Amino acid sequence: MEKLIIFDTTLRDGEQAPGASLNKAEKLEVAQQLKVLGVDVIEAGFPIASPGDFAAVEMIARHIKGPVICGLARAIKADMDAAYLATRPAARARIHVFLATSKVHMQYKLKKAKEEILRLAVESVKYARKKCSDIEFSPEDASRSERDFLFKVIEEVINSGASTINIPDTVGYTEPDEFADLIEDIKNNVPNIEKAVISVHCHNDLGLAVANSLAAIRKGARQAECTINGIGERAGNASLEEIVMNVKTRVDLFPGIQTSIKASEIYKTSKLVSKLTGFVVAPNKAVVGGNAFRHESGIHQDGVLKERSTYEIIRPEDVGFTGTGLVLGKHSGRHAFSQRLKVLGFKLNETQLQKAFVRFKELADKKKNIFDEDLITIVEDQIKTVSETWHLDNFVVTSGSAIRPSATVELKKKGKHFIATSSGDGPVDACYKAIDKITGIKLQLLDYRLQGVTQGKDALGEVGLKLKSGGKEINASASSTDIIEASVRAYINAINKIAEF
Ligand code: KIV
Ligand code: ZN
């Protein structure tokens, strides 16, 4: 068996997606789940980018044992020093150095000639190697780089101590056959390539990130860089779950290749990343979309009932999709509740369990049928890692087709009670204006999304917000059977998130 190393960059390239920013505690929560999922390498961030990034990488390096913890660095000493210091607490650390090798990047972005790029690449890898035994080098924009120059850079950085050579398709320009040829050419033209692992890092600008990664794996790449749900710069990165499930499902095309991913954790990881980043997963998204395992047509349903494999190439439970079967109701007790959470893969401490149970009981009073999806949503709401600086005490809205909506909102902060009233363009707007009056925080609403967690008139509504405050974009979400309440709670969650930045 040959190992395909899964290098997860959700917390670095994924978090570079506009509006996906996570706070420190959220990053740790994602890293913890990535460890449970079984990724081999966690690229935890770009430590030089900001003190917050540095602190998050360091915290992950300190707390997450098992996967290699990697920090990104340009071919600049200060970057490599920061990556070294931030990853130093890790049991196994890696510094990932990148430097562009394409003509367009060298000429316009770096304003450097080939000779200087080669010298910088070599010196940087040597410098980083003195600090850390595990060095990855990426010739940025490799897929648009002149081949002979690319081969030379790769050969020299391997001689200088890089043990992983990552081939990025930085702008998502390549096509599967072309990318496969590039990997083959690298193997045939870089004399010392056997001393390094070939990695691939594909972007999705033309929708081919996964296809390109798979084509490269079939030609011998043995590390795939990817993100949960495919989030990332612009159109995103190759999606981890799609790469893993392709390799697993098409053993005939990927003979003898194995990953260490625990596939049954995929769905939960996807939900967590979606929740914390506020990036909703499209219903038709492969492997983790809400419709990925739903058979609507009668012919398909009939086929699946007779023999699942007629229309199912992946069993939902293989990726941890538990379905939306009716599980609990108003009369379910704490034991049944905690048992079900265990089945869903949650490990809650006593306080979290108690909070979630209270919320479950409140929900069960309003909603007859409680589905797994409801449970996942309320539990994730409860264990959110944002501390409650502002707490919602009460709200009242008046709305109708012939009156201007108004709202009175009552909040608490450190035991102190605040109340404000405002009118607005709608009941949600009125609530938000009343909250703004109380907190005095200026927020610009960029996006408001409402979706039903399950079906039915009493379904839990989940509101996802994207807001801007002081140049920073924040995502927040909340759920309730009352969509105004979900909207208000999501807004307060965003305000509490700002308090933590
Ligand atoms: O897309 C890219 O080229 C990158 C590098 C830093 C590897 O993200
Ligand atoms: Zn990238």
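For ligands, and for the atoms within them, numbers begin at 1 and follow the listed sequence. Please read all numbers here as calculations on a predicted model, not as lab measurements. Every heavy atom of this structure was used, including side-chain atoms; hydrogens, water molecules and symmetry mates were not.
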Requested in this report: Test side chain to side chain donor-acceptor pair (under 3.5 Å) on Ser145 and Thr101 and set out the steps.
Outcome: CA-CA 6 Å; Ser145 299; Thr101 48; 2.8 Å; yes

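- Minimum interatomic distance between Cys70 and Thr87 (heavy atoms only, all atoms of both residues): C-CG2, 3.9 Å.
- Residue-level proximity to ligand 1 for Thr170 is carried by backbone and side chain together, each with a heavy atom below 4.0 angstrom.
- Residue contact check: His203 has heavy atoms under 4.0 Å from atoms 1 (O) of ligand 1.
- The shortest separation from a heavy atom of Gln16 to ligand 1 is not under 4.0 Å, leaving the residue out of contact.
- In this structure the side chain of Glu29 never reaches within 4.5 angstrom of the side chain of Lys275, judged on heavy atoms.
- Contact between Ile42 and Ala31 at its shortest, heavy atoms only, is CD1-O, 3.8 Å.
- Of all atoms in ligand 1, listed by their number and element, those nearer than 4.0 Å to a heavy atom of Asp13 are 8 (O).
- Between Lys103 and Glu146 there is no salt bridge, since no side-chain N of the basic residue sits under 4.0 Å from a carboxylate O of the acidic one.
- Ser138 and Asn166 share a donor-acceptor pair across their side chains, judged by distance under 3.5 Å alone.
- If you look at His96 next to ligand 1, the close heavy atoms, those under 4.0 Å, all belong to the side chain.
- For atom 8 (O) of ligand 1, the nearest non-hydrogen atom from the set Arg12, Glu233, Glu140 comes from Arg12.
- Asp13 lies close to the Zn ion (ligand 2), since one of its N, O or S atoms is found at a distance under 2.8 Å.
- The NE2 atom of His201 and the NE2 atom of His203 subtend an angle of 100° at the Zn ion (ligand 2), given to the nearest 10 degrees.
- Between Lys3 and Asp40 a salt bridge is recorded (basic side-chain N to carboxylate O distance below 4.0 Å).
- From the protein, the heavy atom lying nearest to atom 4 (C) of ligand 1 is His201 NE2, 3.4 Å.
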